[in-house]
Novice: 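One structure follows; several queries about it will come next.
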Amino acid sequence: MKVNHEKCGYCGACVGVCNKLAIELVENIIVIDTEKCNDCKSCMMVCPLNALEE
Amino acid sequence: MKVNHEKCGYCGACVGVCNKLAIELVENIIVIDTEKCNDCKSCMMVCPLNALEE
Amino acid sequence: MRELINNANYDVVVVGAGPGGSMASYYASKNGAKTLLIEKSQEIGEPVRCAEAIPRLEDFGIIPDPQFVRNHIKGGYLIAPNGKKIEVKGGKTDGHVVERKIFDKYLAIRSARAGTKMAVKSRVVGLEHNGDGYDVIISHLGEEYTVKAKIVIAADGVESSVAEMAGLKSKKIPTQVCSCAEYEMTNVKLLDNEMMEFYFGDICPKGYAWIFPKGDTANVGLGVIDKNKKAIDYLNEFIEHPILEGRLKDATPIEFKCGGAPVGGPIEKTVDDNIMVVGDAAGQISPLSGGGIYLSMSCGSMAGEVAAKSIKNNNYSKDALIEYENRWKEKYYDILMAELKYKNVLQKLTENELNALADAMDEKLEEVDVKKIAFKAVKKAPSLLKYFKEII
Amino acid sequence: MRELINNANYDVVVVGAGPGGSMASYYASKNGAKTLLIEKSQEIGEPVRCAEAIPRLEDFGIIPDPQFVRNHIKGGYLIAPNGKKIEVKGGKTDGHVVERKIFDKYLAIRSARAGTKMAVKSRVVGLEHNGDGYDVIISHLGEEYTVKAKIVIAADGVESSVAEMAGLKSKKIPTQVCSCAEYEMTNVKLLDNEMMEFYFGDICPKGYAWIFPKGDTANVGLGVIDKNKKAIDYLNEFIEHPILEGRLKDATPIEFKCGGAPVGGPIEKTVDDNIMVVGDAAGQISPLSGGGIYLSMSCGSMAGEVAAKSIKNNNYSKDALIEYENRWKEKYYDILMAELKYKNVLQKLTENELNALADAMDEKLEEVDVKKIAFKAVKKAPSLLKYFKEII
């Protein structure tokens, strides 16, 4: 997964559903650790703004 | 030049001294267009937090 | 500031300066514990991710102050897809709409004045049990620091990373997280300047849309659970929806907010040796309304008190901290589980069924007694029985 | 919200919802122009980059409101490296310390209530002259939109990109930008709850450090011009400096702010066909104090009035808009240029010379008359003549 920062509202909803701890909200920037990510797409589902992309 | 987002306070001081228009503050994220940047280091000088690195 | 986090020792380290964290640190400090409150943003309360309504601040000994209170609220309208309005007033519906970024900041200042030290622009990146407590690894301006804590209180909101780092299961299931988007708008024509508006139906599947009066503005937003369409798209449709009868025609946005509300009920374990979990991270949020500020503040207060007591007794084991879990569960667990059940029923209803339910209800209610409503509804519209039999 | 920016036409498009932009759009709307105010952040006033002191709000017909006013200010202490304090009271030193994020939001709401439409989380990424005005290219949630404007008002602050896109030289010289860093702290022991404190000397080369009372908190910060050491490092030293006599010993940060103050004087050209520049972008900021809110609001008001007048007269050429430049220059140009001269002198003084200057000054001043002070100082310490001869 990756983040489109132009669409992101940095709310952290995606962080809350990532049980691989692959997403972090670094102050106002969503950062995804692609090593930890298992492409489960949970983050995509809860994003209010469609900011997460494959 | 590049930005260390962990150090950045996204104040835009660096944007204001870049007469190549190579730096943009995209909401809370400093983005540098390395094509336009001529490495003049003006941005480094005005940064209050040492967030700009070569 | 660095000396606050550079190899310092604390009794209690609270992670996250939202209402839950600030209340926890307030009571920990007030009762004598050496407390650090860590906030990753450089400004407390940023970004705002909330509809900003709070019931009965007075319960916490907090005087509604014009610096953060924007509107008094005396009730709400529940509005069915067919436009039928149910007016609810009194009791729990009484409260305020606040400016969250200032409210949160106020609570943090209140905690600091009680003795809490505070690290801002500081992010917890690791948690390591050291036998006697936790080493909390903090990133601040690109440098890593470590503080020692006898007790960690995880109040990091929907992100829920801190408790998970400590081995408690706090991450949420995506189908149990409401995606919210909201414009704060001015020039909104409200139904009533002191009443909240709640809209149900296909405009917002498995959630609801709201308009909350906020002084010179109004929060116009919604929370939805849907795999295919995004909250922002539902929101842009809602503000032009005929059910609003053009009341937003002249409105313009002033602010945009979004967020995820973990409405799946509380997590299983909220304490372990040297750690407690409060607020959204613990799922202490109404599954029905998505309201969480009151609960976070209440449970946060309990966690702070139990933390200080444990420090005094020199016992920070799970056995000591379980008092926190017992206390909050005694007060809120049954309510949360009942609301969870009601929510699951409500989410199944079609627009026709929602209309039938609304038509079965009185136009004015003093309080929402779900059992009574369900009973009356089934009497008028027996087809609803299949959903409500569990409730009745 | 998208329909506000999707191929829409406006008389006036203001870029940036700071105090300058919101005042400009307020007066443009109030005087009949169809106006759009564009703000790139999802929340107005974020991030805060300011020490938050404003003189005489009443000049703008704005009532100091508890939602944004945190402290009344009746003056300040200028503090020399040797600790000598000069008390300045009355006149321009009278004012308020505000909560900037709420003050800015208040001004934007005020403008919206006067008719301004507003696009938030919307960033100007291009400006193209179309013969009759500008095509303003806007990025919102990853999509590009274009609006047409007869007049663009560039109020994008220190970033100064919008005017530069239009061919006006608005970018700043780095040696003329003050790097600022600030903690908002609680539990600060102030000299006086209604007095600002200004510290000069090597603790903050070519700038100054400040402590501003802010109700339950205080803004503790500084602005510096230095190639070798960063504002944040100066700040961390300042809060432990002996000159503060331990008054910050129990203080804890609540918020962190930083920013760049363009103190090099106004830019050369602030108007061109179909465009005006206001506020920090135009260098409308005191070179001596770094204060810019009052100037931005005042010049922004003029720009808004001239914009509306030009729309009425159907003439948006440079010849029409030059009225704005004439008006603001008549009111502020000489003051700004004099302050620039004073600043350049002040920046050259060593700590010993600053001490000599302070010792030559009365301990209480009703207003800062630089010529009189310079004259007295040279009489007492003739070695200062080499700096002050230009001023006297």
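Below, each value reflects all heavy atoms present in this structure, side chains not excepted, and no hydrogens, waters or symmetry copies. Predicted model only: the values in this text are computed from it and were never measured.
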Novice: Is it the side chain or the backbone of D:Glu43 that comes within 4.5 Å of chain C heavy atoms, both, or neither?
Specialist: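 It is both, since atoms from each part get that close.
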Novice: Under 4.5 Å heavy-atom distance to chain C, tell me which part of D:Arg110 shows up: side chain, backbone, both or neither.
Specialist: neither
Novice: Can you see whether D:Ser111 engages D:Ser22 through a side-chain donor-acceptor pair at a distance of less than 3.5 angstrom?
Specialist: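 No pair is found: no donor N or O on one side chain lies under 3.5 Å from an acceptor on the other.
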Novice: So what's closer than 4.5 Å to chain C heavy atoms on D:Asn187: side chain, backbone, both or neither?
Specialist: side chain
Novice: When rounded to the nearest 0.5 angstrom, what distance separates NZ in C:Lys121 from OH in D:Tyr183?
Specialist: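 Interatomic distance, C:Lys121 NZ to D:Tyr183 OH, rounded to 0.5 Å: 11.0 Å.
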Novice: Between D:Leu4 and chain C, which part of the residue has a heavy atom less than 4.5 Å away: side chain, backbone, both or neither?
Specialist: side chain
Novice: Aromatic rings C:Tyr106 and C:Phe68: how do their planes relate, parallel, tilted or perpendicular, breaks at 30° and 60°?
Specialist: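 The arrangement is tilted - the two ring planes meet at 30° to 60°.
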Novice: In terms of heavy-atom proximity below 4.5 Å to chain D, should C:Glu39 be classed as side chain, backbone, both, or neither?
Specialist: neither
Novice: For each of C:Leu141, C:Ile102, C:Ile232, tally heavy-atom pairs with chain D at distances under 4.5 Å, and name the one with the top tally.
Specialist: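 Among C:Leu141, C:Ile102, C:Ile232, the one with the most close pairs to chain D is C:Ile102.
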Novice: Out of D:Ala119, D:Pro253, D:Gly215, D:Gly115, which one racks up the most heavy-atom pairs below 4.5 Å with chain C?
Specialist: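 The option with the most such pairs is D:Pro253.
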Novice: Indicate the atoms forming the closest heavy-atom contact of D:Phe238 with D:Gly221, along with that distance.
Specialist: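 Answer, listing the atom of D:Phe238 first, then D:Gly221: CE2-O, 4.5 Å.
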Novice: OG1 of C:Thr186 to CG of C:Asp250: how many Å apart, nearest 0.5 Å?
Specialist: 11.0 Å
Novice: If you tally heavy-atom pairs under 4.5 Å against chain C, which of D:Arg113, D:Lys101, D:Lys117 wins?
Specialist: D:Arg113
Novice: Looking at C:Ala108, C:Ala112, C:Ala251, C:Cys258, which has the largest count of heavy-atom pairs under 4.5 Å with chain D?
Specialist: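 Ranked by heavy-atom pairs under 4.5 Å with chain D, first place is C:Ala112.
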Novice: Considering only heavy atoms, which portion of D:Glu240 lies under 4.5 Å from any heavy atom of chain C: side chain, backbone, both, or neither?
Specialist: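 D:Glu240 touches chain C through side-chain heavy atoms alone.
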Novice: Checking D:Ser25 against D:Thr35: is there a side-chain donor and acceptor pair closer than 3.5 Å?
Specialist: no
Novice: Go through the atoms of D:Ile239 and report whether side chain, backbone, both or neither lie under 4.5 Å from a heavy atom of chain C.
Specialist: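 Only the side chain of D:Ile239 comes within 4.5 Å of chain C.
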Novice: With only heavy atoms counted, which part of D:Val48 is less than 4.5 Å from chain C, the side chain, the backbone, both or neither?
Specialist: both
Novice: If we ignore hydrogens and angles and just use 3.5 Å, is the side chain of C:Asp104 paired with the main-chain N or O of C:Ile44 as donor and acceptor?
Specialist: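 Answer holds: no.
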Novice: Under 4.0 Å between a Lys/Arg side-chain N and an Asp/Glu carboxylate O for C:Glu159 and C:Lys40?
Specialist: yes
Novice: Give, as side chain, backbone, both or neither, the part of D:Ser41 having an atom under 4.5 angstrom from any heavy atom of chain C.
Specialist: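 For D:Ser41, no heavy atom lies under 4.5 Å from chain C.
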Novice: Assess the side chains of D:Glu143 and D:Tyr145: does a donor N or O sit below 3.5 Å from an acceptor N or O?
Specialist: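 No.
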